[in-house]
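Have a look at the structure below before the remarks.
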Amino acid sequence: MVYPELPHDVNSPTHPVSAMDYMPVGPLRALQLHRLQWTVKYAYDRVPLFRKRCEERGVRPEHIRTLADIKLLPFSKKTDLRDEYPMGLRAAPMDEIVRFHCSSGTTGKPICVPNTINDIAVWQNGAMRCLAMGGVRAGDVLQVSYGYGLFTGGLGLHYGGEGLGCAVLPTSGGNTERQVMLMRDLGVTVIACTPSYFLRIMDEARKQGVDFRRDTKLRHGFFGAEPWTNEMRDTIERETGIVAHDIYGLTEIAGPGVAGDCKYRAGLHIWEDHFYPEIIDPETLEPLPDGEVGELVFTTISRCGTPMIRYRTRDLTRLHTEVCPCGRTMRVMDRISARSDDMLIIHGVNVFPGQIEAGLLRVPEVAPHYQIVLESTDTLDRFEIKVEVTPDAFSDDIRHLEDLRKRVLDAVKSIIGLTPKITLVEPNTLPRSEGKIKRVVDNRKKN
Amino acid sequence: MTIKQISIFLENRPGHLAETCRTLAEARVNIITLSLADTREFGIVRMIVDDWEKARDVLAAKGRVVNVRDVVAVTVPDRPGGMAEILSALDAAQVNVEYSYAFAFHHGEKAVLVFRFEDNAKALTALSAAGIDVLAFPDIISEAR
């Protein structure tokens, strides 16, 4: 399912691959219902766990007559993939499987997702549409600095880039010195990686005296696979002059390319012709209307290898009710800067690392590198934020630094309502990532 | 006539100052005088060294944050009231002193202090009008030997 860009399409206002993005809502809903009905029947016949859960609820595939009937179906969760490891949720016969992806999660057994050739094509289509929506075209040079392998990041963007006709540079993560050299020497115009790894690349470029604006052709960055904030996006764009795009995906559903942002940046368009979204109340599990914030749930309606029905992502967001000015009919969700898994409870208050990041980056002298440290004490838990200061911000004056510390504290406090200990540290002393970064060190004793 | 001072950000952890001094020692940079300013959370060490450019470069290469400032080396009569005279002259000209620390050597009969002023030009005019000597960098190097 590769859509060619014909010679006369170059510089056309929309890429041919984007045609589906603008599908009228009526036919789109009809297509979704058709695909949903097919998927439910397919999974009911082939996935014992799904069938068992349907039977417990007295639901049969023919009960799905409208899209709203999806609420009759049982949910699935990450633990299902773990419990059914390695291949209990596989629906396609083994000889149709062409690739596995695995995700370690945080603890214990990994999850394993078998894909058919069709699944790979659907995923590639999603990644291509994200890249095309951001303005990437045939002729661009795409450096894929996501890890290649069991993780979906590398191969996902690789296939997306090749599908569009980009020259793909599969650097994978690591060897940052060489990443910067190749970026400059090969005239890379687009990069894809985690936002934290791009910060590491920015450090390395600075060290080598490479100025993104002067010495490279980089224009776009596609960042995902970890939550990041608008403030982080502003920092990246200000320092490098590139346009930083958000790309969303998850191994359980496909990989990067499930959703992405358009130039209006109101949120991320979900490719709902393949990945049907719902928002539910995480407590009552009831579906919420568009516009309300809740847990994001996906049903894969084009997938054969491992169909996922009502998969609870644990990501919190909302679906917009207003139509995006770009004209795409695919619904928009808010950027995901908070995953419910990442929520910290500090001194009894719910805190998301993204809130802290947003506060920190409002202070211009603060570098986008920080670490949140939590430790048990006899009384109140110790809550410390270590943050790097930029070399330019350093002064020989204690008052100036104390003032900076105070401003950082105020910025964080105004968002989370707690008073952490703010520790200013030297540049390049906090851990850097070559993939997904760990910004929270929680050493508290668990009860 | 100003001289260059380097200041280095210190995280509040053991061995951090020692590490800084070791880096300078390895580059054979001599510390002529230094002053430490600290809070509970972090510190700043300010130094006059015999080669500030080299000191800055070797520290920066180690990833340290280094700041370079112009300060003034003022000679002060080493007797009761000596410091008061200097400060009165500065006060009369409405010059603000941000901080000050001393050199270990004497210049003739006089002590020598490092001053960081809010406005160096204004301070130098006031000092010269009051007949107070300030030292140039070569003077400091020769006194330090």
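Chain letters run A, B, ... following the sequence lines, proteins first and then strands; every chain starts at 1. As a basis for the values below, the full set of heavy atoms in this structure was taken, side chains included, without hydrogen atoms, waters or symmetry mates.
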Query - Charged N-O contact under 4.0 Å between Lys406(A) and Asp410(A) - result: yes
Query raised in the report: Side chain, backbone, both or neither: which part of Ile8(B) has an atom under 4.5 Å from a heavy atom of chain A?
Result: backbone
**Report entry** Largest heavy-atom contact set with chain B, pairs under 4.5 Å, which of Ile422(A), Asn428(A), Thr423(A), Ile398(A)
**Finding:** Ile398(A)
Query raised in the report: Are Arg46(B) and Tyr101(B) in a cation-pi contact, defined as NZ or CZ under 6.0 Å from the six-membered ring centre and within 45° of the axis?
Result: no
Query raised in the report: By a 4.5 Å heavy-atom criterion (distance strictly below it), what part of Arg116(B) contacts chain A: side chain, backbone, both, or neither?
Result: side chain
Query raised in the report: Using the ring of each side chain (for Trp, its six-membered ring), is Trp228(A) parallel, tilted or perpendicular to Phe223(A), with breaks at 30° and 60°?
Result: perpendicular
Requested in this report: Would you mind checking which part of Lys421(A) comes under 4.5 Å of any heavy atom in chain B, side chain (CB onward), backbone (N, CA, C, O), both or neither?
Outcome: side chain
**Report entry** Selection from Gln5(B), Arg64(B), Glu98(B) maximising heavy-atom pairs under 4.5 Å formed with chain A
**Finding:** Arg64(B)
Query raised in the report: Is it true that the side chains of Glu365(A) and His400(A) contain a donor and an acceptor less than 3.5 Å apart?
Result: no
Query raised in the report: With a cut-off of 6.0 Å (strictly less than), are more than 12 heavy atoms of other residues, nucleotides or ligands near CZ of Arg28(B)?
Result: no
